[in-house]
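Every chain is numbered from 1 and lettered A, B, ... according to where its sequence line falls, protein lines coming before strand lines. Source: prediction; values computed, not measured.
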Protein chains: 2
Amino acid sequence: MAQRNQLKFIILGLLSENDLTGYDITKAFESDIGEFWSANHSQIYPLLKRLEDEQLISHKLEVVGEKLEKKLYSITQSGKEVLRQWLSEPTPELSATKDEFILKLYFIHTADDPLLMPMLTEQHQLHEAKLHHLQEQMAKKFPDHTSQNNLGHFLILQHAIQRETRYTAWLVDLIEKIKTD
Amino acid sequence: MAQRNQLKFIILGLLSENDLTGYDITKAFESDIGEFWSANHSQIYPLLKRLEDEQLISHKLEVVGEKLEKKLYSITQSGKEVLRQWLSEPTPELSATKDEFILKLYFIHTADDPLLMPMLTEQHQLHEAKLHHLQEQMAKKFPDHTSQNNLGHFLILQHAIQRETRYTAWLVDLIEKIKTD
DNA sequence: CTGAACATGTAATAAGTTACATGATTCC
DNA sequence: GGAATCATGTAACTTATTACATGTTCAG
């Protein structure tokens with residue numbers, strides 16, 4: 001997808017919370033934010049340079065040990081404004097979901113197709129695992145069931161848990177129905 | 001996204017049901033399949049050529065009126081095999097959802113942020129409209145509430161309706177909760 | 001001392017969007 | 001006759017993935 005550079009805003013958003021290195025940002029996509037967005041380091045490092053050229057962020061060097069230099073990035077005032085502008089803009093596009101399993105399902109025409117049941121059980125396992133993972137994240141990040149200063153993060157976890165609960169239940173129903181055919 | 005060419009399989013899948021022109025395929029992404037995938041004609045026409053080079057599809061010319069030539073594409077035996085192979089492969093990747101609103105929400109930290117409520121009401125409208133649209137589609141495509149020879153299409157519509165119902169309910173809850181704060 | 005994790009980059013390629021470009025047919 | 005829709009293509013650019021490439025630090 002060549003959509004209008006959402007990654008740029010994610011980086012600004014993350015830097016608005018903490019100063020981070022490119023590596024830290026890469027890691028963020030493997031945990032927290034990875035629940036609902038992805039990016040590789042090979043995309044992140046060049047973009048950090050570009051954002052610095054645009055003066056939305058700046059960096060200072062931190063030396064670790066003998067010689068390893070880390071670039072610790074901070075958001076600038078201008079960067080904060082760009083971030084806030086993005087947040088305040090309408091978000092009128094409901095992008096297509098692009099779930100490969102759903103795509104495949106579209107091309108299964110009858111309940112007796114031998115490919116159907118394996119597909120359903122595979123997805124059931126995957127979504128149940130995802131659900132458990134999300135529930136663990138929720139328990140870990142919000143142990144007292146309140147959002148504190150992280151309302152957004154709390155809400156999207158809650159939302160994702162609801163989504164996966166619903167997805168899993170749909171698959172279970174379907175598996176039952178097709179079994180008893 | 002440079003994911004492993006799902007569009008290729010969508011085209012093969014569509015052509016396995018009917019012979020179609022590039023224009024027909026483009027239109028399919030604006031209706032049916034557009035609920036859960038998107039593609040532009042500028043991506044479709046070159047890919048049709050490539051798939052023909054790979055001998056997965058072939059075309060014959062149909063002349064309409066005086067001189068307009070349409071290319072009506074058909075799937076080949078080899079194409080059918082490639083499609084079936086794709087369908088039978090595991091689908092172990094739960095791709096990140098990439099919902100821009102969810103992304104923005106992540107960076108809203110407190111319930112009293114003035115940006116929050118407008119975001120929620122905007123999304124509520126969008127998702128409610130989407131839900132209605134899906135319900136209409138369902139009523140139109142499956143008026144007798146059975147899937148006939150289109151199980152897959154029926155199921156993904158059902159799934160999408162459940163998803164949007166859940167999404168809308170979550171937003172309504174949230175709006176209520178924040179209002180009475 | 002060694003392997004895992006930290007840390008940063010580039011290159012090649014693929015996928016996707018937006019804009020440019022043209023012409024025919026059908027319906028009113 | 002004119003507008004909407006049908007029909008097909010290319011060009012320029014951006015975004016994203018995979019692979020290549022290198023070196024440091026820390027924990028056991």
Enquirer: Ignoring backbone atoms, test whether K49(A) places a side-chain nitrogen or oxygen under 4.0 Å from the OP1 or OP2 oxygen of dT8(C).
Expert: no

Enquirer: For the side chain of V64(A), counting heavy atoms from C-beta on, which of dT15(D), dT25(C), dC26(D) is nearest?
Expert: dC26(D)

Enquirer: Go through dG9(C), dA14(C), dG16(C) for me and flag the one nearest to the Y73(A) side chain.
Expert: dG9(C)

Enquirer: Using atom CD of E52(B) as one end and atom P of dT8(D) as the other, report the distance to the nearest whole Å.
Expert: 12 Å

Enquirer: Tell me whether the side-chain N/O atoms of K27(B) come closer than 4.0 Å to OP1 or OP2 in dC6(D).
Expert: yes

Enquirer: Would you please confirm or rule out a distance under 4.0 Å between OP1 or OP2 of dA15(C) and any side-chain N or O of R50(B)?
Expert: yes

Enquirer: Can you see if the side chain of Y23(B) gets near the phosphate of dC6(D) - specifically, an N or O under 4.0 Å from OP1 or OP2?
Expert: yes

Enquirer: Can you find a pair of side-chain heavy atoms, one from L155(B) and one from I102(A), that are under 4.5 Å apart?
Expert: no

Enquirer: Give the rounded distance in Å between these two atoms: CG of L48(A) and P of dT8(C).
Expert: 9 Å

Enquirer: Below the 4.0 Å mark, does dT8(C) have OP1 or OP2 next to a side-chain nitrogen or oxygen of T21(A)?
Expert: yes

Enquirer: Whole-Å distance between dA16(D) P and L7(B) CG?
Expert: 17 Å

Enquirer: Quick one: Q43(B) CD to dT8(D) P, roughly how many Å, whole number?
Expert: 17 Å

Enquirer: Please report, rounded to the nearest Å, how far the P atom of dT15(D) is from the CD atom of Q6(A).
Expert: 10 Å

Enquirer: Let me know the distance between CD of E100(A) and C1' of dA15(C), rounded to the nearest Å.
Expert: 15 Å

Enquirer: Calculate the interatomic distance between H41(A) atom NE2 and dG23(D) atom P; express it in whole Å.
Expert: 15 Å

Enquirer: Do H41(B) and F29(B) make the cut of ring centroids closer than 6.0 angstrom?
Expert: no

Enquirer: Among R163(B), K130(B), H127(B), Q125(B), which residue satisfies the side-chain contact (heavy atoms from CB on, under 4.5 Å) criterion with T168(B)?
Expert: H127(B)

Enquirer: For I161(B) versus L131(B), what's the shortest heavy-atom pair and its separation?
Expert: O-CD1, 3.6 Å

Enquirer: Side-chain N or O of K71(B) less than 4.0 angstrom from OP1 or OP2 on dG9(D)?
Expert: yes

Enquirer: Can you work out whether S42(A) or E66(A) has the more 5'-proximal nearest nucleotide on DNA chain D?
Expert: S42(A)

Enquirer: Relative to the 5' end of DNA chain C, which residue comes earlier, G22(A) or G65(B), by the nucleotide with the nearest heavy atom?
Expert: G22(A)

Enquirer: Under 6.0 Å between ring centres, would you say that holds for Y106(B) and F36(A)?
Expert: yes

Enquirer: Can you tell me how far P of dG23(D) sits from CD of E69(A), to the nearest Å?
Expert: 15 Å

Enquirer: I want to confirm an ordering. Mapping N40(B) and L68(A) to their closest nucleotides on DNA chain C, which one lands closer to the 5' end?
Expert: L68(A)

